[in-house]
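Input: a single structure, listed below in structure tokens.
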Amino acid sequence: MRRYDLETRLLHGGDYNPDQWLDYPEILAKDLELMEKVKANTFSLGIFAWSTLEPEEGVFHFDWLDKIMDDIYKMDGNVILATPSGARPAWLSQKYPEVLRTNERREKQLHGGRHNHCFSSPVYREKVGIINKKLAERYDDHPALLMWHISNEYSGDCHCTYCQENFRRWLKKKYKTLEALNKAWWGPFWSHTYSDWSQVESPSSIGETMVHGLTLDWKRFVTDQTIDFYQHEIKDIRRLTPDIPITTNFMADTNDLIPFQSLDYGKFAQHVDVISWDCYPAWHNDWGTTADLASKVGFINDQYRSLKQQPFLIMESTPSGVNWHAVNKAKRPGMHLLSSLQFIAHGSDSNLYFQWRKSRGSSEKFHGAVIDHDNSEENRVFQEVAEVGQALEKIKAVKGSNKKAKVGIIFDWDNNWALEDAQGFSQQSKRYCQTLQEHYRSFWNADIPVEVITPAFDLTKYDLVVAPMLYLIEETTMDKFAAYVAQGGHLVTTYVTGYVNETDLTYLNGWPKKLQELFGITLKETDTLYPKDRNQLEYQGNVYEIQDYCSIIQLKGAENLGSYTQDFYAQQSAVTKHKVGTGTAYFIGARTQQDFLKDFYGTLIEELDLTNPWIIKGHPDVSIQARDFDEESFYFVMNFSEKVQVIEVAEERTDLLTGERTGQTIQLQPYGVKVLH
Ligand code: GLA
Ligand code: ZN
């Protein structure tokens, strides 16, 4: 058994940078003392420590790291040991400029910042290989070593000549002949037919790339090339420490938390042993409610649990504000416990922080940390972290449990990229990621667990699959959908679905036949509305506002569930239902608001019996999420509002945080949270 699997605690701790404090022995001693006070048990070390580990080429200093690893082990802690490739020493950039990234304008970047190396550079690979191997050899049997943290937040692309060559090699493997590539990319458009492989270049704003097949393949290549670099990083590590699991920290995008845009994590997830990710929601913001943001946090956490169908780790979160949002607001009292337990509720087996201690200099000196510059345990943030440490101990029995979900929502990176490129519809209102999160919201509000998956997943375990806006859809996905519905599945899709194939070429002869048969409709037109335009939809006797997109549908066997009330398609179908085999395929033709989604999914939730009988009366702002073992469940009841809320449940339970029985009527304070068992 791996040490990680034997670990019975939830992990608490985070990014620790003792390498910044080697001249301050009193600080390092204080760190150890305070770690125990907040019940921290796990630290990520060495993430950006390359210049301390190898101050000169070939000269290695590990003694400081030996000591910290030993000290953490002595306090019964774990180390998640990082490879340092996320940032490199100046000597390396100076001696081997090829390691520096070239941007899309073909400008070689200067040394500085981080996360800016070339993924193809043979020298960078060689140097990373050497330091990684040394780390693995030195610490392979260190008793504190729990996991490997490979690099940090891989992202971005490089357009140097090495990367161009690798891109062409990738394309040759995929298309075999230039003729096939030209056909797949619709070459003659604006005379973009290539007559030699060497003419193919990565997309660039200087070249104004309009070849969508090219931009889509470039994004796929960047994912593959990043995974290839990661594979190179772990080669010796895997060989020397086969029992130590490997992760790399994933991200989400924007302060408002939409899925990560630039790498296909659906693919990347297959190469890590455990998914871990860094989550920085802008709590208490001025653009949405706390519940709005909480449901988005829920979405991404569900995605990372689903992609490997197992618990994941929060590798980084902040004890208070960050330093890189437009406004870096402090977490209000209570939010730290609530937001930390939300991670656990959705399947995390940790809450780890960036950062343990605020650095004294440079750009992150004001980023939230467990220990502030005051170095004091009287600090409010420190005390709230200590509260989380205690809570995690009290609920440690949830460790390793998963979640049982009967609803799957499909997020597809290829589709997201292709739709972003598509010139048509309306640039501002495509909102693919946000649309998925709006559909997810209906389930989150009703406390129904959801998995967020890709089209590659087996769908048969779900009673309901929701796949909005699949603009790019492969024929194999259509076949999978058809088989899923025929054998009893329920499928929902929407407007802007079924336009292009996997190389971004449109389907010919109308909406794909396979979709026509499945949904019992054909799509005649899609009307794009101006932002202020509204139409209406009549559904089950109610009228709902619709906006942005209206599909003009012709019924071909489907039942009409709702019709437009206005415009030249008034009275025509907007929402349809088609029974196929023992299942049903639904098509929502227009973009609705939350009120329609609530009612539409409400009916399905009832019909498919998706509700949890334990919850008698919930509240949209109170999120109830279960962590499940085969025979038992733990219920996290979380009030994401600034008001007292009351819910009712069928049976009373014990709150693991307070030890109290709760009764069937549960009152929650603002930001209140209970873990019931
Ligand atoms: C990222 C990085 C960390 C740190 C934090 C700040 O997640 O991985 O090193 O910069 O952001 O929020
Ligand atoms: Zn490069």
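Numbering of residues begins at 1 and proceeds along the displayed sequence. Both ligands and their constituent atoms are indexed starting at 1 by order of listing. All values below come from the heavy atoms of this structure, side chains included, with hydrogens, waters and symmetry mates left out.
The side-chain heavy atoms of Ser204 and His159, taken from C-beta on, include no pair separated by under 4.5 Å.
Contacts with ligand 1 closer than 4.0 Å are made by no heavy atom of His325, backbone or side chain. At a 4.0 Å heavy-atom cut-off, ligand 1 does not touch Thr318 at all.
In this structure, the protein non-hydrogen atom closest to atom 9 (O) of ligand 1 is Arg114 NH1, 2.9 Å. At the top of the distance list for atom 3 (C) of ligand 1, counting protein heavy atoms only, stands Glu316 OE1, 3.3 Å.
For the ring-ring contact (aromatic ring centres under 6.0 Å, His included) criterion with Phe119, the lone passing option out of Phe229, Tyr124, Phe167 is Phe229. None of Phe299, Phe312, Trp277 except one satisfies the ring-ring contact (aromatic ring centres under 6.0 Å, His included) rule with Tyr304; the exception is Trp277. The ring-ring contact (aromatic ring centres under 6.0 Å, His included) with His336 is formed by just one residue from the set Tyr353, Phe343, Trp283; it is Tyr353.
Considering only non-hydrogen atoms, atom 10 (O) of ligand 1 lies nearest to Glu364 out of Gln355, His367, Glu364.
Listed by number with element, the atoms of ligand 1 under 4.0 angstrom from any heavy atom of Trp324 are 6 (C), 12 (O). For ligand 1, the atoms lying closer than 4.0 Å to a non-hydrogen atom of Phe48 are 9 (O). For ligand 1, the atoms sitting less than 4.0 Å from at least one non-hydrogen atom of Glu153 are 1 (C), 2 (C), 7 (O), 8 (O), numbered in the order shown with element in parentheses. Every atom of ligand 1 with a heavy atom of Asn152 under 4.0 Å away is listed here by number and element: 2 (C), 8 (O), 9 (O).
Between Ser348 and Arg627, the closest heavy-atom pair is O-NH1, 2.8 Å.
The closest approach between a heavy atom of Met251 and any atom of ligand 1 is not below 4.0 Å.
Taking the six-membered ring for Trp, Phe43 and His149 have ring centres at least 6.0 Å apart.
The aromatic rings of Phe221 and Trp218 sit tilted, their planes meeting at an angle between 30° and 60°. Between Phe260 and Tyr265, the two ring planes are parallel [angle under 30°; tilted spans 30° to 60°].
Vertex the Zn ion (ligand 2); arms to Cys158 SG and Cys163 SG; angle rounded to 10 degrees, 110°. When SG of Cys160 and SG of Cys118 are joined through the Zn ion (ligand 2), the resulting angle is 110° to the nearest 10°.
Not a single N or O atom of His115, backbone or side chain, sits closer than 3.5 Å to an N or O atom of ligand 1.
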Ring pair (Phe, Tyr, Trp, His ring centres under 6.0 Å) assessment of Trp356 paired with Phe354
CA-CA 6 Å; Trp356 169 251; Phe354 181 87; over 10 Å; no
